[in-house]
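For clarity, every value in this text was computed on a predicted model and none was experimentally measured. The chains referred to below are lettered A, B, ... by the order of the sequence lines, with proteins before strands, and numbering in each begins at 1.
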Protein chains: 2
Amino acid sequence: MIKDYDPGAFPPFAVTVDLAVFTVREGRLHVLLVERGEDPYKGAWALPGGFVRPKESAGQAARRELAEETSLSEETVAGLHLEQLRTYSDPDRDPRMRVVSVAYTALVPDLPEPRGGGDAAHARWTPLASARGLAFDHERILADAHHRIGAKLEYTCLATTFCPPEFTLGELQQVYETVWGVELDRPNFRRKVLTTPGFVEAVEGPPRRTGGRGKPAALYRAGAASALHPPLLRPEGRHT
Amino acid sequence: MIKDYDPGAFPPFAVTVDLAVFTVREGRLHVLLVERGEDPYKGAWALPGGFVRPKESAGQAARRELAEETSLSEETVAGLHLEQLRTYSDPDRDPRMRVVSVAYTALVPDLPEPRGGGDAAHARWTPLASARGLAFDHERILADAHHRIGAKLEYTCLATTFCPPEFTLGELQQVYETVWGVELDRPNFRRKVLTTPGFVEAVEGPPRRTGGRGKPAALYRAGAASALHPPLLRPEGRHT
DNA sequence: GCAAAAGTGTTGACGATACACCCATGA
DNA sequence: TCATGGGTGTATCGTCAACACTTTTGC
């Protein structure tokens, strides 16, 4: 920033955003993928994303692209948790030209199937384990994103962003188990969540909801807290 | 990445790196600043940094700029801990043109005064509390970086990167106390560090070193571990 | 001897784990 | 009445904060 300033002579870069959007479906972690309609990597699956426009920040671009791809309303998207992951800038990461991409992670509840809206010919939720052979360095981005959300669940409350507005503790526990790939002890998980102030709050009128058979569960909303103190550590204590 | 591809018609961006380089001096946290020699913000202090070159990644650019500004050898810089913080992309963050900056954080032991090498007219270590009125959005970057390293000390071993190759536990504790701005209980800190496998390893031949008066302390080296399990949480448990 | 810094020991509070057990519902 | 998932209780263990105490140096 201090040096080499020569307007018009700076190296030309394109700046894009890429999105790793996760959801939990049928007990498995899914990620939103789109099918590329143009070369390079035509026909391959990739993370949704696109160019940052001249008058918007990368974060605004990410939110815009997310709305386009998921067919959600702008208002809904505005409320979603969207977090900058990191920036990928390898000189050879795009064969066309020099492209620097700012990656974002989003966690969403189980949404309707994406319309393939916007520009992507096809878009779909894919189980994370099946997301192989992605375009560019998107597989790497996806792995980084998975690692990050796993770590974030330990010391933040954002597991609730995977859930609908009202949810049961069983559903919340499923989020942890799905992202971490482990089983948790239900009584202990319950205690931990309920004794953390602001993590969840009980829904007043004791309506209950069935998840199939078994006893109906009490409903909760996301609370006001954003961090967990003390953290909810994975079993085995390994951050992988 | 999926859409809008029109070679030559993508919005033109400049990409830079900015560095928040921290060290501990005289019990206070210092950051490396350079004085700008050109408009805008001529004469103001700023974080070191510069343009990413066409054939290098942002990480490589950060390491190169760090070497230039600190007058360290390339080999020394190659071994330093350098971590991507986040990317700043506000459309108005640079009055000249559209500049997206990838910020990095580095933690270094107490180094010799920087030569003001490379392109910066002046460079110096500044106490963090005195780093005000910086150019661009560098004050924000600095605040984010400080927050990040504080959090990282909790669950990683990188406090040792603030220390010289051989250090005492008192020096290591000073790093924590300086970055967090709190006082720690020495016996408990000691136990925590020594019982974490791979955090530090004792230097064999029991040479000892004096920090002034008082009993000489045993020397330690950084160990092989990189993460702390369980973490070393700040007092009050608040992540601020 | 005294101050200062290193190092050791002990105790009690708290949280997490690993269970056993009861409750409400659908089939 | 049995399987299934929700919910409660409790004993044990490990970690950590707090603080008393000893050791080794410079002055």
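The side chain of A:K215 approaches C:dA24 more closely than any other nucleotide in the set C:dG7, C:dA24, C:dA16.
The aromatic rings of B:H138 and B:F136 sit tilted relative to each other, their planes meeting at an angle between 30° and 60°.
Formation of a donor-acceptor pair under 3.5 Å by the B:E65 side chain with backbone atoms of B:A62 is not found in this model. No donor-acceptor distance shorter than 3.5 angstrom exists from the side chain of B:E83 to the backbone of B:Y104, with no hydrogens or angles considered. Between the side chain of B:R234 and the backbone N or O of B:E154, no donor-acceptor pair lies under 3.5 Å.
Per the geometry, CZ belonging to A:F167 stands 20 Å off P belonging to D:dG5, to the nearest Å. Between A:L194 atom CG and D:dT8 atom P the separation is 8 Å, expressed in whole Å. A:L184 places its CG atom 16 Å from the C1' atom of C:dC19, with the value rounded to the nearest Å. Rounded to whole angstrom, the span from the NE2 atom of B:H229 across to the C1' atom of D:dT15 amounts to 16 Å. Atom P of nucleotide C:dG15 and atom CZ of A:F199 are separated by 16 Å, given to the nearest angstrom. Straight-line distance from the CD atom of A:Q173 to the P atom of D:dG5: 12 Å, rounded to whole Å. Summarising the geometry, the separation between CG on A:L172 and P on D:dG6 is reported as 12 Å, rounded to the nearest angstrom. Here D:dG6 presents its C1' atom at 12 Å from CG of A:L219, a figure rounded to the nearest Å.
When A:V31, A:L33, A:L66, A:T105 are each tested for a side chain to side chain contact (heavy atoms under 4.5 Å, CB included) with A:V21, only one passes: A:L66.
Of the inter-residue distances, the one linking A:L85 atom CG with A:R148 atom CZ reads 5.0 Å to the nearest 0.5 angstrom.
Of the residues in residues 185-192 of chain B, those placing a heavy atom less than 4.0 Å from an atom of DNA chain C are B:R186, B:P187, B:R190, B:R191, in numerical order.
Summary of the strand contacts: A:A218 and B:P231 both lie near DNA chain D, and taking for each the nucleotide with the nearest heavy atom, the more 5' one is attributed to A:A218.
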